[in-house]
Amino acid sequence: MSKVQPEKRQQNVNIPTLRDWQKEAFEKISTLWDSSPKEKILIAACPGSGKTLMACVIATEKLKDNVVSLVLVVSPTVNIKAQWKEQFERIGVKAFDEASNEAMRFRRDRNDRMVGSYEAICITYAQLAMDKDLFVELARREKILLIADEVHHADDAETYGAALSAVSELATLKLALSGTPFNSAGGALAMCPSEERINDEGRVVRKALPLYTYSYAKAIQ
């Protein structure tokens with residue numbers, strides 16, 4: 001099925017000035033997407049550092065340039081997905097955080113645009129896992145930027161991670177974010193580049209490899 005385009009968006013005039021670390025991460029992401037758009041990208045930034053704003057700004061640029069037609073943000077809680085919606089709206093992106101799977105199925109079956117006129121949809125991992133095939137179909141119909149927030153909740157061998165991986169296979173662009181990018185069980189995180197290492201107990205674990213890291217130490221400096 002061909003990709004569906006949303007209504008022509010208005011020029012965004014509300015983009016804030018990014019901090020130095022956000023600009024550095026932005027440039028690294030943009031450079032890698034230009035050369036390898038299907039690459040897995042993980043940004044590790046400490047809580048409260050502004051990774052949501054950085055991701056929203058780069059998403060806005062890709063919407064403006066018609067590289068993507070929809071941003072799909074997956075986060076662990078209802079409160080966090082509401083924060084994403086608010087941040088998108090502050091910079092002029094039409095976002096929604098109350099999309100129901102039932103409503104999207106109804107629009108899909110009518111062959112309407114599954115997300116109406118919205119440019120960004122914010123959901124939880126639980127909602128994604130509840131009907132991953134629905135969101136796989138959404139990724140078939142749209143040119144999606146898939147953002148996985150607090151991706152440490154999505155072990156690729158578990159339900160959340162499996163659903164996220166299925167959608168990411170069809171995503172035009174994908175970006176994982178976390179303040180603590182590791183799995184305490186030693187498994188791999190979905191949508192994140194990683195490598196195998198041997199831990200102190202002699203057990204093989206998967207270590208996530210961020211493209212850019214902004215630590216507490218850097219924040220204090």
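Start at 1 with the first residue, then count along the sequence. Since this is a predicted model, take the numbers as computed values, not measurements.
Within the 4.5 Å cutoff, the side chain of M104 has no heavy atoms near those of the D131 side chain. Using a 4.5 Å heavy-atom cutoff, the side chains of C56 and V93 are not in contact. Side chains of K143 and V67 form no contact here, defined as non-hydrogen atoms less than 4.5 Å apart. Side-chain contact between I43 and M54 is present, with at least one heavy-atom pair separated by less than 4.5 Å. Put simply, the side chain of L72 does not reach to within 4.5 Å of the side chain of E142, judged on heavy atoms.
The two residues W21 and A45 come nearest to each other via the heavy atoms CH2-CB, 3.6 Å. Residue A126 comes nearest to Y160 through the heavy atom pair CB-OH, 3.7 Å, listed as atom of the first residue, atom of the second, then distance. In terms of heavy-atom proximity, A190 sits nearest to G161 at CB-O, 3.5 Å. Counting all heavy atoms, side chain and backbone alike, L42 lies closest to S178 at CD1-N, 4.3 Å. Nearest heavy atom pair, residue I29 against residue L175, reads CD1-CD1, 3.9 Å. In plain terms, the two heavy atoms of Q22 and G50 that are nearest each other are NE2-O, 2.8 Å.
Listed by chain and number, the residues in a side-chain hydrogen bond (donor to acceptor under 3.5 Å, both in side chains) with Y212 are E24 (sequence neighbours excluded). Contacts of F135 classified as ring-ring contact (aromatic ring centres under 6.0 Å, His included), with partners at least two apart in sequence or in another chain: none. Take T213 and apply the side-chain contact (heavy atoms from CB on, under 4.5 Å) test, not counting sequence neighbours, and it matches A44, P210. By the side-chain contact (heavy atoms from CB on, under 4.5 Å) test, P37 is found to be paired with L173, residues two or more places apart in sequence or in another chain being considered. With sequence neighbours excluded, no residue forms a side-chain hydrogen bond (donor to acceptor under 3.5 Å, both in side chains) with R108.
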Do R141 and N111 pass the side-chain contact (heavy atoms from CB on, under 4.5 Å) test, and can you show the C-alpha distance, the side-chain angles, and the key distance before you say yes or no? CA-CA 10 Å; R141 295 187 178 207; N111 206 31; 3.6 Å; yes

Steps toward side-chain contact (heavy atoms from CB on, under 4.5 Å) verdict (Y125, L164): CA-CA 8 Å; Y125 286 105; L164 186 65; 4.1 Å; yes

Steps toward salt bridge (charged side-chain N to carboxylate O under 4.0 Å, His left out) verdict (R105, E102): CA-CA 5 Å; R105 282 193 294 270; E102 182 180 6; 5.7 Å; no

May I have the step-by-step check of side-chain contact (heavy atoms from CB on, under 4.5 Å) for R113 and L70, ending in yes or no? CA-CA 11 Å; R113 187 167 188 251; L70 178 70; 4.1 Å; yes

Could you go step by step and tell me if M191 and L146 meet the side-chain contact (heavy atoms from CB on, under 4.5 Å) rule? CA-CA 10 Å; M191 229 171 76; L146 176 61; 3.5 Å; yes

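Using modelled atom types, no side-chain atom of K38 and backbone atom of W33 make a donor-acceptor pair closer than 3.5 Å. In this structure a side-chain-to-backbone donor-acceptor pair under 3.5 Å is present from R19 to S49.
Remark: K51 NZ to L177 CG distance equals 7.0 Å, nearest 0.5 Å. Here the CG atom belonging to N101 is positioned 11.5 Å from the CG atom belonging to D133, to the nearest 0.5 angstrom. One distance of note links OG of S75 with CD1 of I123; it measures 8.0 Å at 0.5 Å rounding. A distance of 11.5 Å separates CD in E169 from CZ in R140, rounded to the nearest 0.5 Å. Separation of atoms CD1 (I147) and CD1 (I41) is listed at 11.0 Å; rounding is to 0.5 Å.
Between E27 and K23 there is no salt bridge, since none of the side-chain N atoms of the basic residue sits less than 4.0 Å from a carboxylate O of the acidic one. A salt bridge is absent between K64 and E61: the closest approach of a Lys/Arg side-chain nitrogen to an acidic carboxylate oxygen does not fall below 4.0 angstrom.
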Return all side-chain donor-acceptor pairs below 3.5 angstrom for residues 77-84, not counting sequence neighbours, or 'none' if the list is empty.
from: T77; atom 1: OG1; to: I80; atom 2: N; distance (Å): 3.1
from: K81; atom 1: NZ; to: D97; atom 2: O; distance (Å): 2.8
from: W84; atom 1: NE1; to: D149; atom 2: OD2; distance (Å): 2.9

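There is a path of hydrophobic side-chain contacts, each under 4.5 Å, that joins L32 to V71.
Surrounding NZ of K28 are at most 12 heavy atoms belonging to other residues, nucleotides or ligands under 6.0 Å away.
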